[in-house]
Amino acid sequence: MSGTDIGFWGVPLAMFAGAIRVSTPFLFVSLGECLTEKSGRINLGLEGTLVFGAMSGYAVSYLTGSPWLGVLAAGISGMFFGAIHGYICKLPKVNDIAIGIAMMLFGTGLAFFFGKPFIQPQAPHLPSINLGGWSDYPQIQSALEINPLFLVGAVLAVAMWWAFKNTRWGLIIRMTGDSAPAALAMGYSVDLVRFLATTVGGFFAGVGGAFLSLYYPGAWSEGLSSGQGLMAVALVIFSRWNPLLCFGAALLFGAAGAIGPALQSVGITQGYYFFNAAPYLLTLFIMIASVSPKRSLKGAPGELSITK
Amino acid sequence: MTAFAEPTGAVRRAVELETVGMTKIFGSLVALEDVSVHVKPGTLHALLGENGAGKSTLVKCIMGFYQPTRGTVMVDGKEVVIATPRDAHAHGIGMVYQHFTLVPSLTAAENLVISRAHPPAVIDWKKEIAGLEEFLERMPFKVPLTVPVASLSAGEKQKLEILKQLYLDQRFLILDEPTSVLTPGEADEVLGLLRGMTEAGDLTILMISHKFREVMAYADDVTVLRRGQKIGGGKVGELTVDDMSRMMIGDTKIRERAARKTFTGQKVTLELAGICAEDDGGMPAVDAVNLKVHAGEIVGVAGVSGNGQSTLIEVLSGQRDMTEGQLFIDGENFEPVRQQMAKFKVFGLPEEPLKNAAVPRMTVAENIAFRSFDEPPIARRFGFMSPKPMRKRARELIAAYRIKTPSTEEPIENLSGGNVQRAILARELSGQVDVLIVANPCFGLDFASVSEIRSQIMDQRNRGAAVLLVSEDLDEVLELSDRVAVMSGGGIHYVVPIAEADRNSIGKAMAGH
């Protein structure tokens, strides 16, 4: 065995690397969705927010030369989408799921419309932090090239988990999500709390989009997201609305998404497309495993329109 | 008084409250007319009245949910303006609602802390828990602080609701039927302790109730409302139960109860053998229930709500699968599906009929036809349906059961609760009934409807139907049943003929002893 060939160890290593790389958008979207759903509303439009975030992040990075400004722009545009969703859902007799689907189509459509001129040009990418300098293996070195956004996401997950338990705003959001009458009785505006939660959730999803176009895969194209924003919704259910579990589930989905490329890297090309479908299959199996006709979902916020 | 409650300066004492000429008009409906009630400090004042008598309108005006059309509220002798519930809280007036306002997924401690007007931005749980424990030390009852409220029993939730108001330093409590979810033992405990606090001058209570027993035992004064007006009241000791009930219902004609026909040697019709079932959370809710109901017999299942009764009813009416056990009717295996219900003539009056026995947006005629629309004369060949016989049948039943509806084509959700229940009764009881399964049939209905519906149930028994009655109203169970069974913790471990039934041992069985 030569010095740099690690043989089939490359598969788990590539999956590990992939888990970290691919999971970041999942993580951001699922944390955004988790926040929104904890307040009692579902935003299915985060797929559109993700795509629009990817486009706007890429565009701003290209135009200003600063990828971090791109991330900020993606977040702000995501916030805007969240705010639209949150505002429309405040109106009487509006169904949040239908609005979510409309926002998803609106977001992707708008992104394609404005994104046409940015498909070709190269925008500056986000830098990565090299944590693998101690190793001689280039595979390990490349696996440990970690994007700062991943670390931000991990910190955010822990912070949200802590905040839901230990801060006034955390308790208010959980209260609105679990019992609107109770929140109203205590004088909190349920609509305002949900509006803010949806808006901030949109910010997170937008940042997740910027990661897609500015780091991995690292270019703006129309097929960039391929439904990751929707899978993140399934992921939140799987995580039982717990931000820490969202982090773990995002890693799991990331690893599943990396199976195909990892196998390809060691020369197994058979079933490449099948293995690429792993995250979608995983979504399906998770949904089947986590629901039952006889039980209601444990841990689900009581005000969600799907659990009511 | 404490570091963690709202800073109020001095120790608050019982509040005195008086309403003067309270009137509330909604459009053309006079919900409340010139009601003046004086609640003296340190007393427990009972507010009696039927549904729709204006009790909740009155307390909502006091709490600032409604603005009275005329009239004022005086607190400690001074006229005050209460525009919102927050204003009421500022005057020390708090309310414990019939439906809980606790957040199920939050713990008791979280619920208490977040209920404060200004909870800290970052909560120091060590300090808060210590503070709460110190607060509980001084309180008459205890609840576990660190488990989610969803896993507390109904009694503990009710205590926590009351504790919450005391924690917020409210010294005038409005309690809306506070004992409806408690066992008789728990009710006595809670009311006894609250009464102790009023006697000590720490608290004033205005309690909405319809249980004369509790009013007689614990209240100092009583006010009776009827149709929005104050009909009477006074010191509890100076009024009899008869006086109060006459004030409540006025001269409404009450249908005479059907006499109980005596049967001997009746066969077992309905048998529940080892029924087990799970609730929505996948937790066991019904635990090996065995029960036999004879023809011409009413078996009443008493119990505090949340002890598996609704799950049992859902199993019997086919809304939920059982995990173990079998049902028999006349010795034959019975599965609660449509064909077998028709074959064995099984009918039911589930609780909350608008939700469990009707499609709210379908018409009265359609709802009445649910048992018969797939049979001639309504059903015709090739799956077509003819609406004419359906409407004709509906008109007959609307007349026979005195259902108040504009027409057969009115969506059933527009009917009042009593009329929805009558429509369902008409559908279920108009044919031959062998087995009748009834759950909380009179919940939220006025006196006249209650009496009517109970008579109908008794009629079915006298005609030889086997009746299983599940009710949270112990008085209803004691009035109707031939045998009383008590459900607690998902099981039935206590069955007694009505002649040997006494409140005490039933109360103990309800509490699981």
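Not measured: the values here are computed from a predicted model. By convention in this document, chain letters (A, B, ...) are assigned in the order of the sequence lines, proteins followed by strands, and residues within each chain are numbered from 1. Keep in mind that the numbers below use all heavy atoms, side chains included, and drop hydrogens, waters and symmetry copies.
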Less than 3.5 Å apart, which donor and acceptor atoms pair up between the side chains of residues 152-166 of chain A and the rest of the protein, not counting sequence neighbours?
from    : atom 1 : to      : atom 2 : distance (Å)
N166(A) : OD1    : W125(B) : NE1    : 3.1
N166(A) : ND2    : W162(A) : O      : 3.2

Report task. Verify, without hydrogens or angle tests, whether R168(A) (side chain) and P120(B) (backbone) share a donor-acceptor contact under 3.5 angstrom. Result -> no
Query - Check: P104(B) and S179(A) side chains under 4.5 Å, non-hydrogen atoms - result: yes
Report task. Could you grab the distance from atom CE of M186(A) to atom NE2 of H89(B), nearest 0.5 Å is fine? Result -> 9.5 Å
Report task. Start with the C-alpha distance between I114(B) and I172(A), add both sets of side-chain angles, then the distance that settles side chain to side chain contact (heavy atoms under 4.5 Å, CB included), and finish with yes or no. Result -> CA-CA 7 Å; I114(B) 201 68; I172(A) 291 174; 3.7 Å; yes
**Report entry** Rounded distance [0.5 Å steps], OG in S115(B) versus CE in M175(A)
**Finding:** 9.0 Å
Query raised in the report: Taking everything shown except Y188(A) itself, do over 12 heavy atoms lie less than 6.0 Å from its OH?
Result: yes
Query raised in the report: In this structure, are over 12 heavy atoms from other groups packed under 6.0 Å from R338(B) atom CZ?
Result: yes
Query raised in the report: Just wondering, are more than 12 heavy atoms of other shown residues or ligands nearer than 6.0 Å to CZ in F285(A)?
Result: no
Query - More than 12 heavy atoms of other groups within 6.0 Å of E324(B) CD - result: no
Query raised in the report: CG of D178(A) to CG of L102(B): how many Å apart, nearest 0.5 Å?
Result: 11.0 Å
Would you list the atom pairs, donor with acceptor, under 3.5 Å between side chains in residues 73-82 of chain A and any protein atom, with sequence neighbours excluded?
from   : atom 1 : to     : atom 2 : distance (Å)
S77(A) : OG     : S56(A) : OG     : 3.1
S77(A) : OG     : A73(A) : O      : 3.2
S77(A) : OG     : A74(A) : O      : 2.8

Query raised in the report: Which one, N111(B), L106(B), D124(B), leads in non-hydrogen pairs under 4.5 Å with chain A?
Result: L106(B)
Query raised in the report: Of all heavy-atom pairs between A182(A) and V103(B), which one has the smallest distance, and what is that distance?
Result: CB-CG2, 3.8 Å
